[in-house]
Amino acid sequence: MTAIASPSSLRQDMRILGLIGAGHFLSHVFIFLIPPAFPVLRDVYGVGYDLLGLAMTAFNAVSGFTHVPMGFIVDRFGPRPVLICGLIVESLAFIAIGLWPDYWTLVVALMVAGLGNAVYHPADYAILSSSVDERRMGRAFSIHTFAGYAGGAVAPGLAWAAITFGDWRMAPIGVGIAGLAVAALLLVAGGELSASRSKNPTVTHSHGGVREGLRLLGSPPILMCFLFFVLLAMSNGALTQFGIAAMVDLEWTDLDGATAAMTAFLIGSALGILAGGFIADRTKHHERVAVTGFVATGGIVVGIGIVGPGAWVLVPVLGIAGLLFGMIMPSRDMLVRAAAPPDQLGKVFGFVSVGLNIGSAIMPAFFGWVLEAGNPRWLFFFAAAFMLAGLFTVLGAGSVRRRHQAA
């Protein structure tokens with residue numbers, strides 16, 4: 001059972017989505033803003049890349065460990081106030097990074113920012129699920145995901161512009177001020193984001209205990225969704241983070257050709273996310289969309305690993321693979337929404353989002369070992385294997401959910 005939003009105007013839905021999308025955009029800017037400035041920060045702080053990397057590890061560790069608790073808080077107190085508080089906390093942390101250029105200030109501020117970063121997925125999905133018209137839910141999820149991708153794409157350019165045309169501190173301070181402005185807009189938005197348009201007046205926020213919530217997170221449908229997110233992160237990370245190195249090591253193309261091919265995959269993924277929103281709104285069989293995307297993308301990736309084509313083939317083929325892979329994302333979110341009780345969306349989306357963190361943490365060590373072992377071609381086969389495993393988690397989640405609903 002899912003929260004069902006009552007019919008509403010497109011204009012109202014776009015206002016809601018604009019506010020939530022702006023916050024999600026900034027959340028990814030926060031994540032990717034500091035690493036591009038590492039060459040400058042190494043001299044500013046007088047530390048090496050290892051300690052700078054440790055600061056980012058602290059950010060991601062705090063964010064990953066607090067996603068689930070934040071989900072419980074969202075369900076208990078409502079998503080809007082938690083989202084506003086998280087955005088304010090993260091914004092102030094980044095302003096502090098710019099105002100006090102000290103390494104330990106960076107570490108502490110990034111840990112605080114990680115706490116703020118943990119609110120977005122639990123709060124955003126709870127707000128969208130209960131506030132946006134049901135007929136546009138798939139597109140709402142797709143635009144939300146696309147906004148995050150866009151934030152990650154923009155962040156390196158913002159860091160470069162600040163370093164090139166002024167002072168690196170302009171980037172964290174400027175983004176922090178933008179975050180406070182979005183928080184102010186969310187505050188003004190008021191009840192428009194408060195889930196008050198649900199057809200079921202009891203669908204606001206949960207007063208269930210922690211034990212009941214943990215029992216829900218340990219239920220088979222939610223665990224299947226969690227594993228789905230882990231495998232999705234591993235298969236996507238294999239291609240986007242190690243694909244260029246593998247193509248160059250295999251001498252399929254040079255660095256320019258491999259970069260162009262991976263850029264095509266990323267652009268295709270972004271376009272696929274938007275297209276997948278329209279598809280998700282036009283079907284109730286989200287498992288079929290995800291399965292089709294996995295099978296088609298996995299088949300293309302295996303084919304690339306077997307044939308080893310040159311850049312002139314890699315660019316369009318990986319572009320198509322990215323398009324198909326991106327189409328999975330909105331249906332992914334709709335599957336989680338269908339598996340979660342309407343008053344516990346925060347904790348469920350918080351929990352499954354940890355799967356992305358875990359997959360992203362496992363993937364670099366594993367695929368780094370694959371490349372160092374002298375088997376770069378196997379990267380493509382393993383990526384496809386994780387997609388195949390993801391296919392079974394999707395089918396399993398749908399099957400278990402249907403049995404629970406029939407019981």
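Quick note: residue numbers are just sequence positions, from 1. Values reported hereafter were calculated over all heavy atoms of this structure, with side chains retained and with hydrogens, waters and symmetry mates removed.
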Determine, step by step, whether Met70 and Ile73 satisfy the side chain to side chain contact (heavy atoms under 4.5 Å, CB included) criterion, reporting the C-alpha distance in whole Å, the side-chain angles of both residues, the deciding distance to 0.1 Å, and the verdict. CA-CA 5 Å; Met70 283 299 175; Ile73 293 172; 4.2 Å; yes
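- For the pair Thr66 and Ala118, the tightest heavy-atom approach, listed with the atom from each and the gap, is OG1-CB, 3.2 Å.
- For the side-chain contact (heavy atoms from CB on, under 4.5 Å) test, residues two or more places apart in sequence or in another chain that qualify with Ala113 are Phe59, Glu90, Ala93, Phe94.
- Rounding to the nearest 0.5 angstrom, the gap separating the OG atom in Ser269 from the CG atom in Leu274 is 11.5 Å.
- For the side chain to side chain donor-acceptor pair (under 3.5 Å) test, residues two or more places apart in sequence or in another chain that qualify with Asp281 are Arg139.
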Worked check of side chain to side chain contact (heavy atoms under 4.5 Å, CB included) between Leu180 and Ile88: CA-CA 6 Å; Leu180 293 177; Ile88 291 173; 4.2 Å; yes
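- Considering all non-hydrogen atoms of both residues, Ala109 and Ile97 come closest at CB-CG1, 3.5 Å.
- Trp160 has its ring centre less than 6.0 Å from the ring centre of Phe165.
- With Asp249 contributing its side chain and Pro376 its backbone, the two residues share no donor-acceptor pair below 3.5 Å.
- At distances below 3.5 Å, not a single donor-acceptor pair connects side-chain atoms of Asp167 with backbone N or O atoms of Ile163.
- The minimum heavy-atom distance between Ala55 and Val107, with the atom names listed, is CB-CG2, 4.0 Å.
- When all heavy atoms of Ala159 and Ala171 are compared, the closest pair comes out as CA-CB, 4.4 Å.
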N/O donor to acceptor pairs below 3.5 angstrom from side-chain atoms of residues 384-391, sequence neighbours left out:
none

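- A donor-acceptor pair under 3.5 Å is absent between the side-chain atoms of Thr105 and the main chain of Pro101, judged by distance alone.
- In this structure, Arg377 and Phe381 have side chains that are in contact, with non-hydrogen atoms separated by less than 4.5 Å.
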Lys347 and Val74: CA distance, side-chain angles, deciding distance, side chain to side chain contact (heavy atoms under 4.5 Å, CB included) verdict: CA-CA 7 Å; Lys347 62 176 65 69; Val74 163; over 6 Å; no
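- Tyr120 approaches Gly116 most closely through the heavy-atom pair CE1-O, 3.8 Å.
- Between the side chain of Ser63 and the backbone N or O of Asn60, no donor-acceptor pair lies under 3.5 Å.
- Here the straight-line distance linking atom CE of Met137 with atom OG of Ser129 works out to 5.0 Å at 0.5 Å rounding.
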Could you list the donor-acceptor pairs under 3.5 angstrom formed by side chains in residues 304-313, with sequence neighbours left out?
none

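- Panel note: side chain Asp254, backbone Gly257; a donor-acceptor pair is recorded below 3.5 Å.
- Between atom NE2 of residue His121 and atom OG of residue Ser353 there is a gap of 5.0 Å, rounded to the nearest 0.5 Å.
- Counting only heavy atoms from C-beta outward, the side chains of Phe226 and Val336 never approach each other to under 4.5 Å.
- With a 4.5 Å cut-off on side-chain heavy atoms, Ile20 and Leu83 count as touching.
- Taking 4.5 Å as the limit, every side-chain heavy atom of Phe294 sits out of range of all side-chain heavy atoms of Thr393.
- If you take CZ on Phe72 and NE2 on His67, they are separated by 14.0 Å, rounding to the nearest 0.5 Å.
- By the neighbour-count criterion of 12 heavy atoms within 6.0 Å, atom OH of Tyr49 is densely surrounded, having more than that number from other residues, nucleotides or ligands.
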Apply side chain to side chain donor-acceptor pair (under 3.5 Å) to residues Tyr45 and Asp102 and explain how you reach the verdict. CA-CA 6 Å; Tyr45 296 135; Asp102 170 78; over 6 Å; no
Run the side-chain donor-acceptor check on residues 143-158: report pairs under 3.5 Å with partners two or more places apart or on a different chain.
from	atom 1	to	atom 2	distance (Å)
His144	NE2	Asp124	OD2	2.8
Thr145	OG1	Phe141	O	3.0

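- Atoms CG and CD1, from Leu227 and Ile222 in turn, are 11.5 Å apart once rounded to the nearest 0.5 Å.
- Ile84 is not listed as a side-chain neighbour of Val119, based on a closest heavy-atom distance of 4.5 Å or more.
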Using side chain to side chain contact (heavy atoms under 4.5 Å, CB included), reason through Trp100 and Leu106 one step at a time and then give a plain yes or no. CA-CA 8 Å; Trp100 294 283; Leu106 175 72; over 6 Å; no
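- Closest approach of Ala258 and Val248 over heavy atoms only: CB-CG2, 3.9 Å.
- Other residues, nucleotides and ligands contribute at most 12 non-hydrogen atoms within 6.0 Å of the CE atom of Met111.
- Counting heavy atoms from C-beta on, the side chains of Leu99 and Ile173 come closer than 4.5 Å.
- In this structure, Phe242 CZ and Phe366 CZ are separated by 11.0 Å, a value rounded to the nearest 0.5 Å.
- Residues Phe380 and Val302 fail the side-chain proximity criterion, which asks for heavy atoms closer than 4.5 Å.
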Which side-chain N or O atoms in residues 181-189 pair as donor and acceptor under 3.5 Å with protein atoms at least two apart or in another chain?
none

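- Judged by distance alone, with hydrogens and angles left aside, the side-chain atoms of Asp13 form no donor-acceptor pair with the main-chain N or O of Val132 at under 3.5 Å.
- Contact check for Phe325 versus Ser235: side-chain heavy atoms found under the 4.5 Å cut-off.
- Using a 30° and 60° split on the angle between ring planes, His28 and His24 fall in the perpendicular class, above 60°.
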